[in-house]
Asker: 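Sharing a structure below in structure tokens format, with a few things to ask.
Below, read A as the first sequence line, B as the second, and so on, with proteins coming before strands; counting in each chain starts at 1.
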Amino acid sequence: MLELRLVQGSLLKKVIEAIKDLVTDANFDCSATGLSLQAMDSSHVALVALLLRSEGFEHYRCDRNISMGMNLNNMSKMLKCAGNDDIITIKGDDGGDTITFMFESPNQDKISDFEMKLMDIDSEHLGIPEAEYHAIVKMPSSEFSRICKDLSSIGDTVVISVTKEGVKFTTRGDIGTANIVCRQNKTIDKPDEATIIEMNEPVSLTFALRYLNSFTKATSLSESVTISLSSDLPVVIEYKIADMGYIRFYLAPKIED
Amino acid sequence: MYKQQKLSAFFGCK
């Protein structure tokens, strides 16, 4: 038996919209800790890891660990039928082949339920080791999104370099080159607008802008984004989900051929 | 030119 009641249903709507273009099908793993997901894109270049902790739900019942395979496009179709202020409850039975989404309007005058078919997904689960990163940049998520969008009109790849001067985003294309440097800016009264750079050593890595632009679909989930870089690891782009958990995107770098 | 690496080059299967 599974019953998860999420008062801020819009969070789940936003999470699915943020990942559905990157990942088609995924297993949602439910345990006493919370609802989690790990899935790679079809080319095995990017990975999304989601955690919604049990404490973030108003009611959380998960009698035994369960993995539910869902098509994210179908899930999105159903969740789009929920209002932004609706309370969403996810219900499932052990061993069942369907899951039910129940939507309640804030004043309880409209209650809908949508039953979705589950699917068997044979997914590869990667072991992601805890790592020390060479540099961690925290910046406004809207700023990061703007930079990725702007640079993708000029080039296909971005070089992200962190030095003590700041974080530099560089691209190159047929029409020319672009450099955007963001310096550390600790705005004390507005922490969400701050850019904070923690650097153990300088690092410079190249990434496909197409994937970074896809990750920025999570921008509305969090005011700030954290970019963790190491020269020998995929970058981690993390959006915290208020009081509940996170959505993390991992992207393997490009190397000179 | 750049070559795209895969995640499996960094992370092992669980």
Side-chain angles (χ1 to χ4, degrees), chain A residues 22-23 27 29 36-49 67 122-131 133 155-160 170-173 204-212 215 228-237 248-257, chain B:
Chain A
L22 191 68
V23 174
N27 281 317
D29 298 314
S36 65
L37 171 153
Q38 192 203 86
M40 275 190 283
D41 79 302
S42 58
S43 54
H44 290 197
V45 167
L47 179 145
V48 55
S67 187
D122 195 15
S123 72
E124 211 178 337
H125 221 70
L126 294 182
I128 302 169
E130 285 288 317
Y133 284 90
D156 297 329
T157 59
V158 60
V159 181
I160 305 179
T170 302
T171 193
R172 185 181 302 274
S204 182
L205 286 161
T206 305
F207 301 100
L209 277 164
R210 176 167 79 84
Y211 287 101
L212 295 180
F215 304 163
S228 303
L229 297 141
S230 259
S231 54
D232 47 3
L233 283 173
V235 65
V236 189
I237 313 272
R248 288 180 188 152
F249 298 100
Y250 294 79
L251 177 63
K254 288 186 149 196
I255 48 169
E256 297 228 31
D257 208 359
Chain B
M1 280 304 289
Y2 290 107
K3 188 178 125 194
Q4 176 66 62
Q5 299 184 94
K6 304 249 179 189
L7 287 170
S8 53
F10 304 93
F11 301 147
C13 279
K14 239 185 200 172

Asker: Working note: Y250(A) + F10(B), criterion ring pair (Phe, Tyr, Trp, His ring centres under 6.0 Å); need CA distance, chi angles, decisive distance, verdict.
Answerer: CA-CA 11 Å; Y250(A) 294 79; F10(B) 304 93; over 10 Å; no
Asker: Strictly distance-based, threshold 3.5 Å: is any side-chain N or O of K254(A) a donor or acceptor partner for the main-chain N or O of M1(B)?
Answerer: no
Asker: Answer yes or no: is there a donor N or O on one side and an acceptor on the other, between the side chain of Q4(B) and the main chain of A252(A), under 3.5 Å?
Answerer: yes
Asker: Within the 4.5 Å heavy-atom criterion, are P253(A) and Y2(B) side-chain neighbours or not?
Answerer: no
Asker: For a quick test of reading the model, state the closest non-hydrogen atom pair linking D257(A) to K3(B) and the distance between them.
Answerer: OD1-CD, 3.7 Å
Asker: Working to the nearest 0.5 angstrom, can you tell me the gap between M40(A) CE and F11(B) CZ?
Answerer: 10.0 Å
Asker: Taking every non-hydrogen pair under 4.5 Å, which of T206(A), L251(A), T157(A) racks up the most with chain B?
Answerer: T206(A)
Asker: What part of D232(A) is in contact with chain B, defined as an atom under 4.5 angstrom from a non-hydrogen atom: side chain, backbone, both or neither?
Answerer: backbone
Asker: Quick check for you: to the nearest 0.5 Å, what is the distance between D41(A) atom CG and L7(B) atom CG?
Answerer: 7.5 Å
